[in-house]
Number of protein chains: 2
Amino acid sequence: MSIPEACLIGHKKEMRAVQDSMDILSGKWKIAIISSICYYNKRRFSDILKDVEGISNRMLSKELKELEINKLINRTVLDTQPISVQYELTEHGLTLKTIINNLTEWGIAHRKKIIG
Amino acid sequence: MSIPEACLIGHKKEMRAVQDSMDILSGKWKIAIISSICYYNKRRFSDILKDVEGISNRMLSKELKELEINKLINRTVLDTQPISVQYELTEHGLTLKTIINNLTEWGIAHRKKIIG
DNA sequence: CGGGATCCTTACTGATACTG
DNA sequence: CAGTATCAGTAAGGATCCCG
């Protein structure tokens, strides 16, 4: 992150970038959903429903749709009986892996800090 | 991230860790607020209000309070006329720097991808 | 300047039931 | 199984005014 002297002027660009990320990732569930898919590589609707504690199918459906629109995940209908749908991260979605890992580590560290 | 064969069992622990992080960081503004303070080291209320586009003073006030409760930031009242209040990251809050940087980079990359 | 209080609108969300 | 539809409650957020 070697940041030049432009620091003196401001960080509008960085702030904008963070906002851009959050526009897509914010919301109560998105990160958790992406994590689920990321950790398992491929994941079905009902599996994600179990991974993400507390989410309703209505919300999951909606969030998955948004993630698909933003090209972070791919949706594949499998020809099973009954039907099943598989989600996986796109190449672009995979670039979030670092962030997921950071959040996982930070969550663990934070929990230790709180509990003791 | 060398993950052992425990993969086969599941990733409940990691999922939980991510959720723990998000419980504290989610919300439309928190990450942006932390970024502002992080990038400038010390930042006053009115400055953050300008950095975080679109936030209202009511929301900023509320979010800052929550971040303070979670020990991510410190609040210092400066003895100026009129009064001013400075916020800075705690040691614990500083551990979020990696995540902020990742989000910044990802935001820039994502924008390039979308615009072309 | 840094908020708090009030009011009001919209977005988010869960529960439940239903369909291909 | 993987959603969709409807209903209704809660919470998030904005605008405005006020105060030390």
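In what follows, chains carry the letters A, B, and so on, assigned in the order in which the sequence lines appear, proteins first and then strands, with residues in each chain numbered from 1.
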Fill in: Contact under 4.0 Å: B:Tyr87 side-chain N or O vs C:dG3 OP1/OP2
yes
Item to complete: Please confirm whether the backbone N or O of B:Ile48 pairs with a side-chain atom of B:Ser36, one donor and one acceptor, at under 3.5 Å?
Response: no
Worksheet, complete the sentence: Winner on side-chain proximity to A:Ser56, out of C:dG14, D:dG3, C:dT13, is C:dG14
Response to the item:
Against the side chain of B:Lys65, the closest entry in D:dT4, D:dA2, C:dG4 is C:dG4
Worksheet item: Given atom NZ of A:Lys62 and atom C1' of C:dT13, what is their separation to the nearest angstrom?
Response: 7 Å
Discussion item. If the cut-off is 4.0 Å, is B:Ser61 near the phosphate of C:dG4, judged by side-chain N/O to OP1 or OP2?
Written reply: yes
Worksheet item: Between B:Glu66 and B:Lys30, is there a side-chain N and carboxylate O pair less than 4.0 Å apart?
Response: yes
Worksheet entry | Residue pair A:Tyr87 / A:Thr76, side-chain donor-acceptor N/O under 3.5 Å | no
Discussion item. Can you tell me which nucleotide in C:dG2, D:dG14, D:dA2 comes closest to the side chain of A:Ile83?
Written reply: D:dA2
Worksheet item: Which residue, A:Asn57 or A:Lys28, contacts DNA chain C at a nucleotide closer to its 5' end, judged by nearest heavy atom?
Response: A:Lys28
Worksheet entry | Exam field: side chain B:Ser61 to backbone B:Asn57, donor-acceptor pair closer than 3.5 Å | no
Practice prompt. Specify the residue among B:Gly27 and A:Phe45 whose closest nucleotide of DNA chain D lies further upstream toward the 5′ end.
Written response: A:Phe45
Discussion item. Can you say whether a donor on the side chain of B:Arg58 sits under 3.5 Å from an acceptor on the base of D:dG13, or the other way round?
Written reply: yes
Worksheet item: With respect to the side chain of B:Trp29, which nucleotide from D:dG13, D:dG3, C:dG2 is positioned closest?
Response: D:dG13
Worksheet item: Closer to the 5' end of DNA chain C via nearest nucleotide, is it A:Ile55 or B:Ser46?
Response: B:Ser46
